[in-house]
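When a residue number appears, it is its place in the shown sequence, counting from 1.
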Amino acid sequence: MGGLDLADRNKRYLLVVAADTDDRFYTCMLLQRFGYNAFSASTAEEAVEFMTVAAPSAIIADAGSVGSALLSWITKDPRFLDVPLILLSSLDDAALEKRARFGEFAAYLRKPLNADDFYRVVQSVIEKSPRRNLRVATRLIVKLEDGLGNSEGYATVLSEYGMFFRTLELRPVHARIPVVLELKGKLIKLEAVVLYATTFDAGPFKEPGLGMKFVKISREDRNLIAAFILEQIEEGMPRKGRLQ
């Protein structure tokens, strides 16, 4: 659950290109909720100017005239042949899907965006070790019921399938631990296994604690966690373009 090193993430950005102001704002907000730096441009020309200063990790563009112009420009400029292009469209376009499958550009997604699908696509095109599951930063109260050390603390990162538990009192890797997670006034009881442990002196951008995978949890509680994550992603989002 640790994710990108903060220093590395701060050097990278994603470029959102769309003529519609609401679309640009919404997509940038969504990417920021995923933990990425995002900048925007309204035209292909603006995007080209942006990219010549600093190349983005990926471009997310409207599939209309803006996306077509960007695709044409990228394929002709050897400096940016390796920059992945993700096209978004509100239309069901079989031709675009086929072009994406044949590798003409990185991916094609329908709007309104599905948060899980969008997260996985962004992960797959820019991360060396992509994550499958949507996760959010949190400060949820958690208790480890293994009877060892200080068992209460906070989950600082949460996904449907695991969490990062911030603590100075580490547990062994592979240890299986009963966990109580407080979520919106409800106590969720589950079991988790320790995947990795990070020490206090691991580095300036690493927080100490345990990366944990949920190995025993009811379907109802997993659905509650999934709903909570979607709520956190959507909080403060404009109504136009709400997630599926």
Side-chain angles (χ1 to χ4, degrees), residues 1-6 9 26 29-36 112-124 127 129-200 202 205-237 239 242-244:
M1 300 297 298
L4 281 175
D5 184 284
L6 181 59
R9 187 183 291 279
Y26 176 80
M29 280 192 70
L30 190 54
L31 291 168
Q32 289 164 2
R33 299 290 169 87
F34 293 163
Y36 292 105
L113 293 171
N114 175 281
D116 286 323
D117 291 344
F118 188 39
Y119 179 77
R120 290 186 184 119
V121 165
V122 172
Q123 284 273 305
S124 69
E127 304 292 358
S129 301
R131 298 178 180 276
R132 290 181 52 83
N133 305 311
L134 185 59
R135 61 205 186 108
V136 292
T138 66
R139 192 168 173 80
L140 298 174
I141 298 174
V142 172
K143 183 176 181 180
L144 306 186
E145 296 193 324
D146 58 357
L148 300 176
N150 185 6
S151 62
E152 290 195 6
Y154 295 95
T156 57
V157 178
L158 179 71
S159 85
E160 188 179 341
Y161 297 93
M163 67 178 181
F164 185 84
F165 178 70
R166 193 181 193 284
T167 181
L168 295 175
E169 300 188 26
L170 304 181
R171 271 63 167 179
V173 173
H174 305 310
R176 185 162 174 152
I177 302 172
V179 173
V180 178
L181 169 68
E182 185 175 333
L183 183 63
K184 300 181 71 172
K186 176 181 171 59
L187 297 180
I188 294 177
K189 294 186 177 183
L190 56 91
E191 289 186 12
V193 65
V194 177
L195 298 180
Y196 64 88
T198 306
T199 62
F200 184 77
F205 300 103
K206 299 284 189 180
E207 63 176 340
L210 305 171
M212 309 182 76
K213 177 183 177 180
F214 302 151
V215 292
K216 185 178 180 181
I217 181 173
S218 71
R219 182 180 297 274
E220 177 186 2
D221 287 341
R222 194 184 296 280
N223 289 340
L224 285 174
I225 292 174
F228 171 79
I229 290 171
L230 188 58
E231 287 177 8
Q232 298 303 298
I233 293 294
E234 284 194 325
E235 185 179 5
M237 289 282 197
R239 288 195 173 275
R242 282 275 183 172
L243 299 172
Q244 291 181 346

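Using cut-offs of 30° and 60° on the angle between ring planes, the pair Phe34 and Phe118 is tilted.
For Arg139 and Tyr154, the positive end sits near the middle of the six-membered ring, less than 6.0 Å away and at most 45° from its axis.
Annotation: the span from Leu183 atom CG to Ile141 atom CD1 amounts to 11.5 Å, rounded to 0.5 Å. Put simply, CZ on Arg135 and CD on Gln232 are 15.0 Å apart, with the number rounded to the nearest 0.5 Å. Here CG of Leu30 is found 9.5 Å from CD of Glu234. Values are rounded to the nearest 0.5 Å. Taken to the nearest 0.5 Å, the CG atom of Asp146 stands 13.5 Å off from the CZ atom of Arg176. Atom-to-atom distance recorded for Ile229:CD1 and Asn133:CG is 8.5 Å, nearest 0.5 angstrom. Between the CG atom of Leu158 and the CZ atom of Phe228 there is a distance of 6.5 Å, given to the nearest 0.5 Å.
In this structure, Gln123 and Tyr36 approach most closely via the heavy-atom pair NE2-OH, 2.7 Å. Heavy-atom minimum distance, Ala197 versus Val173: N-CG2, 4.3 Å. For Phe165 against Glu152, the heavy-atom pair with the smallest separation is CZ-C, 4.0 Å. Nearest approach of Leu170 to Gly209, heavy atoms of both residues: CD2-O, 3.6 Å. Contact between Val194 and Met212 at its shortest, heavy atoms only, is CG2-CE, 4.1 Å. Taking both residues in full, the closest heavy atoms of Phe214 and Ala192 are given as CD2-CB, 4.1 Å, listed atom of the first, atom of the second, then distance.
Side chains of Asp221 and Ile225 form no contact here, defined as non-hydrogen atoms less than 4.5 Å apart. Side chains of Glu182 and Ile188 form no contact here, defined as non-hydrogen atoms less than 4.5 Å apart. Between Lys189 and Val180 the shortest side-chain heavy-atom distance falls below 4.5 Å. When side chains are defined from C-beta on, Thr198 counts as touching Phe164, because their heavy atoms get closer than 4.5 Å.
Here the options are Lys143, Glu145, Met163, the test is side chain to side chain contact (heavy atoms under 4.5 Å, CB included), and the partner is Val179; only Met163 passes.
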Worksheet entry | Stepwise side-chain hydrogen bond (donor to acceptor under 3.5 Å, both in side chains) check, Thr156 with Glu207 | CA-CA 10 Å; Thr156 57; Glu207 63 176 340; 2.7 Å; yes
Worksheet entry | Trace of the side-chain contact (heavy atoms from CB on, under 4.5 Å) decision for Leu210 with Leu144 | CA-CA 11 Å; Leu210 305 171; Leu144 306 186; 4.1 Å; yes
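When atom types are taken as modelled, the side chain of Arg33 and the backbone of Ile233 share a donor-acceptor pair closer than 3.5 angstrom. For Arg222 (side chain) and Glu160 (main-chain N/O), a donor-acceptor pair under 3.5 Å exists by modelled atom type. Arg171 contributes no side-chain N or O that, together with a main-chain N or O of Ile177, makes up a donor-acceptor pair within less than 3.5 Å.
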